[in-house]
Peer 1: 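Before I ask anything, here is the structure I am working with.
This is a predicted model, so every value here is computed, not measured. In this chain, residues are counted from 1 in sequence order.
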Amino acid sequence: MNKRERFLALLKTQKPIIGMLHLKGGTDEQVLALAVREAELLLDNRVDALLVENYFGSPAQVEQVLKYIKLHKSAALCGVNVLHDNALGFALARSYDLDFIQLDSVSGHLPVQDEPAFDECLARARAACSACVLGGVRFKYQPYLSGRTLEEDLRAGMRRCDAVVVTGDATGQETDLEKIRAFRRVLGAFPLIIGAGMTPENALAQLALADGAIVGSYFKDTHKDTGDVCAEHVRIFMAAVQKARGEHVE
């Protein structure tokens, strides 16, 4: 089973929760120490996968965290999102044999005349990389420039990734249930991931429609992206997810 198959198999069975590592800190050493601590808290409390992103950190710090995870947490499913540099994201996914890569937008963010070049570049990158691609459509902070309908953008997105990611307008903001429903109507059985704003209160309704979620802000001690991962918040959240999965909650 290759990396893409491994991740898609998880999507089909568990409605996985992907914990975000935002790489907060000052020096490289501080960033790594906090990322290691947060990764352990997430994994110890049954989060299914880790996603390393240069939200606060640098691409070099992303790589140092990936190197640590692959050396010391090799059993963990792990992915990467290098903001503003898809090519580097694919390169890191290949170098560290990652399970998945997140791209903030795979459709809708470009004028139609620019799409053939994007299509070709993305197809080459995917062919050279075994990682599953999680692709945003109408994603937070991304422009809408295609001029196409949502259905047209989603169908283009389905050709370019292995799972579509849906969000609201901002980090930590709840993703509107009607938007999730609209995506699901077009996607059918194609994998759909909630990319922002999931909480214990909305997890049941959202996971009834989606196949998994990426969670960052709720896990923090402040419930904001600037905070630090809090074990109690992770436990509370994952208990709600267990209910959504139909599992027994201890």
Side-chain angles (χ1 to χ4, degrees), residues 6-22 38-39 41-51 53 76-77 79 81 99-100 102 104 132 134-140 150 154 157-158 161-225 227-250:
R6 181 186 180 201
F7 189 79
L8 292 178
L10 182 66
L11 278 179
K12 291 175 183 176
T13 57
Q14 287 185 282
K15 294 187 181 289
I17 302 302
I18 302 167
M20 179 68 78
L21 297 176
H22 282 133
E38 292 189 335
L41 286 174
L42 294 170
L43 295 172
D44 287 349
N45 287 284
R46 302 182 64 184
V47 169
D48 300 287
L50 302 173
L51 177 56
E53 181 181 88
L77 274 77
N81 184 11
D99 297 279
F100 61 98
Q102 183 185 349
D104 278 2
C132 181
L134 312 185
V137 178
R138 305 288 176 93
F139 199 81
K140 58 185 179 179
L150 175 62
L154 283 170
M158 291 164 71
C161 67
D162 301 289
V164 165
V165 186
V166 60
T167 71
D169 295 329
T171 297
Q173 180 185 99
E174 181 174 355
T175 305
D176 182 72
L177 205 58
E178 285 307 310
K179 185 176 183 181
I180 300 170
R181 289 194 182 103
F183 273 50
R184 177 52 79 199
R185 281 194 293 269
V186 176
L187 295 178
F190 193 85
L192 176 62
I193 303 293
I194 309 296
M198 188 174 283
T199 68
E201 291 73 30
N202 64 31
L204 184 62
Q206 292 194 356
L207 288 175
L209 295 166
D211 300 291
I214 300 167
V215 181
S217 296
Y218 185 84
F219 287 156
K220 305 298 184 71
D221 49 5
T222 58
H223 294 316
K224 294 182 180 179
D225 52 10
D228 297 333
V229 170
C230 167
E232 182 62 16
H233 291 180
V234 182
R235 284 193 289 270
I236 291 169
F237 184 93
M238 292 308 297
V241 170
Q242 283 181 268
K243 291 181 180 178
R245 292 170 173 168
E247 299 174 355
H248 173 70
V249 180
E250 296 178 0

Peer 1: Can you tell me how far apart CG (Leu50) and CG (Leu43) are? Round to the nearest 0.5 Å.
Peer 2: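 The CG atom of Leu50 sits 4.5 Å away from the CG atom of Leu43.
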Peer 1: Mark yes or no for whether Thr175, through its side chain, and Gly197, through its backbone, hold a donor-acceptor pair below 3.5 Å.
Peer 2: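 No, because the side chain of Thr175 does not come within donor-acceptor range (under 3.5 Å) of the backbone of Gly197.
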Peer 1: Might you point out which heavy atoms bring Ala49 and Phe100 nearest each other, and give the distance in Å?
Peer 2: CB-CE2, 4.0 Å
Peer 1: Under 3.5 Å, side chain of Arg138 to main-chain N/O of Thr167, donor-acceptor pair present?
Peer 2: no
Peer 1: State, to 0.1 Å, how close Ser217 and Asp225 come at their nearest heavy-atom pair, and which atoms those are.
Peer 2: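 Closest approach of Ser217 to Asp225: OG-N, 3.6 Å.
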Peer 1: If you count the non-hydrogen atoms of other residues, nucleotides and ligands that lie under 6.0 Å from NZ in Lys224, is the total more than 12?
Peer 2: no
Peer 1: If you round to the nearest 0.5 Å, how far is CD1 of Ile18 from CG of Leu51?
Peer 2: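 Result: 6.5 Å between the selected atoms.
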Peer 1: Once rounded to the nearest 0.5 Å, what's the spacing between atom CG of Asp211 and atom CD of Gln14?
Peer 2: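 Atom-to-atom, Asp211:CG and Gln14:CD are 12.5 Å apart.
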Peer 1: Can you name the closest pair of heavy atoms from Ala182 and Leu150 and give their distance?
Peer 2: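 That would be CB-CD2, 4.0 Å.
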Peer 1: Is the backbone N or O of Asn81 less than 3.5 Å from a side-chain atom of Gln102, with the two atoms forming a donor-acceptor pair by type?
Peer 2: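 Side chain of Gln102 to backbone of Asn81: no pair is present.
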Peer 1: What's the separation between atom CG in Leu41 and atom CG in Asn45, rounded to the nearest 0.5 Å?
Peer 2: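 So the gap between those two atoms works out to 6.5 Å.
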Peer 1: Could you tell me which non-hydrogen atom of Phe183 sits nearest to which non-hydrogen atom of Val165, and how far apart they are?
Peer 2: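 Residues Phe183 and Val165, closest heavy atoms: CE2-O, 4.5 Å.
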Peer 1: Please round to the nearest 0.5 Å and tell me the distance separating atom CG of Asp162 and atom CG of Leu134.
Peer 2: 7.5 Å
Peer 1: Does Leu207 reach the side chain of Met198, with side-chain heavy atoms less than 4.5 Å apart?
Peer 2: yes
Peer 1: Return the minimal non-hydrogen interatomic distance between Ala170 and Ala196, and the atom names on each side.
Peer 2: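 Looking at all heavy atoms of both residues, the shortest contact is O-CB, 4.1 Å.
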Peer 1: Is it true that Arg245 and Asp48 make a salt bridge, defined as a side-chain N closer than 4.0 Å to a carboxylate O?
Peer 2: yes
Peer 1: Stepwise, does the side-chain contact (heavy atoms from CB on, under 4.5 Å) test hold for Lys220 with Asp228?
Peer 2: CA-CA 5 Å; Lys220 305 298 184 71; Asp228 297 333; 5.5 Å; no
Peer 1: Just wondering, more than 12 heavy atoms not from Asp169 lying within 6.0 Å of its CG?
Peer 2: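 Not buried by this count: 12 neighbours or fewer within 6.0 Å.
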Peer 1: Measuring only between side-chain heavy atoms, which start at C-beta, is Ile17 closer than 4.5 Å to Phe237?
Peer 2: yes
Peer 1: Are the side chain of Gln206 and the backbone N or O of Asn202 linked by a donor-acceptor pair below 3.5 Å?
Peer 2: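 Not a single qualifying donor-acceptor pair exists.
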Peer 1: When rounded to the nearest 0.5 angstrom, what is the spacing between CD1 in Ile236 and CD in Glu201?
Peer 2: 9.0 Å
Peer 1: Could you walk me through whether Glu174 and Thr199 pass the side-chain contact (heavy atoms from CB on, under 4.5 Å) test, one step at a time?
Peer 2: CA-CA 8 Å; Glu174 181 174 355; Thr199 68; 6.0 Å; no
Peer 1: Where do Glu38 and Val229 come nearest, in terms of heavy atoms and distance?
Peer 2: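 Smallest interatomic distance, heavy atoms only, reads OE2-N, 2.9 Å.
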Peer 1: According to the interplanar angle, ranging from 0 to 90°, do the rings of Tyr218 and His223 count as parallel (below 30°), tilted (30 to 60°) or perpendicular (above 60°)?
Peer 2: parallel
Peer 1: Could you check Leu177 against Leu209 for side-chain contact (heavy atoms from CB on, under 4.5 Å), going step by step and ending with a plain yes or no?
Peer 2: CA-CA 9 Å; Leu177 205 58; Leu209 295 166; 3.9 Å; yes
